[in-house]
Amino acid sequence: MKKIRSILILIPFFLSLSSCEKDDICDPGTSTTPRLVIEFYDYANQAATRTVSNLKVTGIGGNPKGVVFNTANDDTKYLTSASKISIPLQNIASSSSADFSKFAFILNATSTTSIATDSIKFNYSHNDVYISRACGFKTLFNLKGTTDKSYILNNNPNPTSGNWIRKIDVIQPNVSNENETHVKIYF
């Protein structure tokens, strides 16, 4: 009788353990909202990549300090000298229901004499995709615009090139991962 009573007491306990849910932890390897991958090329030799010097990318109307490119503890974390960068796009529609992100691309940002800045606006549509309860949603983007005029602003109504950027090509308009180049910038 004591054995039966002990078993009857333990059965509800084991049943309650079997109904526990897994912890809601998002796996670090899970794909999240991708950044826009930009690669820089030489305008004179358009097959050759080119390294930018002390490039700083700041958001216009967004993050005025800049995109963080490295783990430095001072303002150099906003600088890069590379031929390829990744920058985040905003995933919230503006009040005019248009999706876009504006950036200032500052070449030679640490120079006192040869700083060159181009303002670029990326227009896109976005789609929120559910990943899981633990990870939530990620946003995928589709770039719009087919000419340099679609991107380079610089307060010029008919720009043919920027202050230092000579040409912009959208190679992959679907921004769904960071494994490929989406935009090529020639200077």
Side-chain angles (χ1 to χ4, degrees), residues 28 30-43 46 49-94 98-111 115-129 131 136-155 159 161-187:
T30 302
S31 173
T32 58
T33 298
R35 291 176 159 220
L36 179 69
V37 178
I38 299 171
E39 197 161 12
F40 296 93
Y41 285 83
D42 188 345
Y43 185 74
Q46 295 190 2
T49 58
R50 186 170 172 191
T51 300
V52 291
S53 297
N54 292 314
L55 177 69
K56 183 175 183 179
V57 179
T58 61
I60 299 173
N63 183 358
K65 285 198 171 205
V67 175
V68 176
F69 290 115
N70 59 62
T71 58
N73 292 325
D74 57 6
D75 283 346
T76 59
K77 67 183 170 187
Y78 304 115
L79 299 173
T80 187
S81 291
S83 62
K84 187 184 275 192
I85 63 170
S86 299
I87 60 174
L89 297 173
Q90 292 182 359
N91 59 359
I92 300 172
S94 70
D99 291 326
F100 62 87
S101 292
K102 292 182 190 178
F103 297 96
F105 281 68
I106 307 164
L107 184 66
N108 299 320
T110 58
S111 174
I115 293 176
T117 302
D118 277 326
S119 299
I120 298 177
K121 178 180 177 182
F122 293 104
N123 296 303
Y124 48 81
S125 59
H126 76 274
N127 182 29
D128 294 329
V129 177
I131 299 173
F137 288 85
K138 71 177 180 179
T139 303
L140 305 179
F141 303 95
N142 188 6
L143 296 174
K144 298 177 182 178
T146 57
T147 65
D148 291 336
K149 291 181 184 182
S150 302
Y151 300 105
I152 300 174
L153 297 175
N154 296 342
N155 297 322
S161 68
N163 295 316
W164 65 276
I165 295 174
R166 308 270 307 270
K167 180 180 173 188
I168 297 176
D169 282 338
V170 175
I171 303 304
Q172 175 54 267
N174 296 318
V175 182
S176 58
N177 63 58
E178 295 179 9
N179 300 332
E180 58 191 347
T181 299
H182 304 112
V183 175
K184 289 183 178 181
I185 293 181
Y186 301 89
F187 71 105

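- Evaluation of the ring-ring contact (aromatic ring centres under 6.0 Å, His included) rule for Phe103 yields no partner, not counting sequence neighbours.
- Among all heavy-atom pairs drawn from Thr181 and Gln172, the shortest one is O-CB, 3.7 Å.
- Ring-plane geometry between His126 and Phe141 is classed as tilted, the angle between the planes lying from 30 to 60 degrees on a 0 to 90 degree scale.
- Partners of Asp74 according to the side-chain hydrogen bond (donor to acceptor under 3.5 Å, both in side chains) rule, which considers only residues two or more places apart in sequence or in another chain, are Thr76.
- Considering every non-hydrogen atom in both Lys167 and Tyr43, the closest pair reads CB-CE1, 4.0 Å.
- Taking every heavy atom of both residues into account, Ala104 and Thr117 meet most closely at CB-CG2, 4.1 Å.
- Taking 4.5 Å as the limit, every side-chain heavy atom of Ser119 sits out of range of all side-chain heavy atoms of Lys102.
- The distance from atom CG of Leu107 to atom CG of Asp118, rounded to the nearest 0.5 Å, is 9.0 Å.
- Considering NZ of Lys84 and CD1 of Ile38, their distance stands at 11.5 Å, rounded to 0.5 Å.
- Side-chain contact between Ile120 and Ile185: present, with at least one pair of heavy atoms (C-beta onward) separated by less than 4.5 Å.
- Side-chain atoms of Asn174 never come within 3.5 Å of backbone atoms of Ser176 as a donor-acceptor pair (strictly under, hydrogens ignored).
- At a threshold of 4.5 Å between non-hydrogen side-chain atoms, the residues Val52 and Phe187 count as touching.
- Going from atom CG of Leu143 over to atom CG of Asp99 covers 11.5 Å, rounded to the nearest 0.5 Å.
- Residue Asn163 holds its CG atom at 11.5 Å from CD1 of Ile106, rounded to the nearest 0.5 Å.
- Heavy atoms only, all atoms of each residue included: Lys56 and Ala109 are closest at CB-CB, 3.7 Å.
- At a threshold of 4.5 Å between non-hydrogen side-chain atoms, the residues Asp169 and Ile171 count as touching.
- Under the 4.5 Å side-chain criterion, counting only non-hydrogen atoms from C-beta, Ile85 is not in contact with Val67.
- Using modelled atom types, one side-chain atom of Tyr124 and one backbone atom of Phe100 make a donor-acceptor pair closer than 3.5 Å.
- Inter-residue side-chain proximity for Phe40 and Thr49 is flagged as unmet; no heavy-atom pair is nearer than 4.5 Å.
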Which atom pairs, donor and acceptor, lie under 3.5 Å between side-chain atoms of residues 30-37 and protein residues at least two apart or in another chain?
unit_1: Thr30; atom_1: OG1; unit_2: Asp27; atom_2: O; d: 2.9
unit_1: Ser31; atom_1: OG; unit_2: Lys138; atom_2: NZ; d: 3.1
unit_1: Thr33; atom_1: OG1; unit_2: Thr139; atom_2: N; d: 2.9
unit_1: Arg35; atom_1: NH1; unit_2: Ser86; atom_2: O; d: 3.2

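- Taking CG of Leu140 as the reference point, atom CG of Leu89 lies at 11.5 Å (rounded to 0.5 Å).
- Side-chain contact between Ile168 and Val183 is present, with at least one heavy-atom pair separated by less than 4.5 Å.
- Summarising the geometry, atom OG belonging to Ser83 is positioned 12.0 Å from atom CG belonging to Asp42; distances are rounded to the nearest 0.5 Å.
- Between Trp164 and Asn108, the closest side-chain pair of non-hydrogen atoms is not below 4.5 Å.
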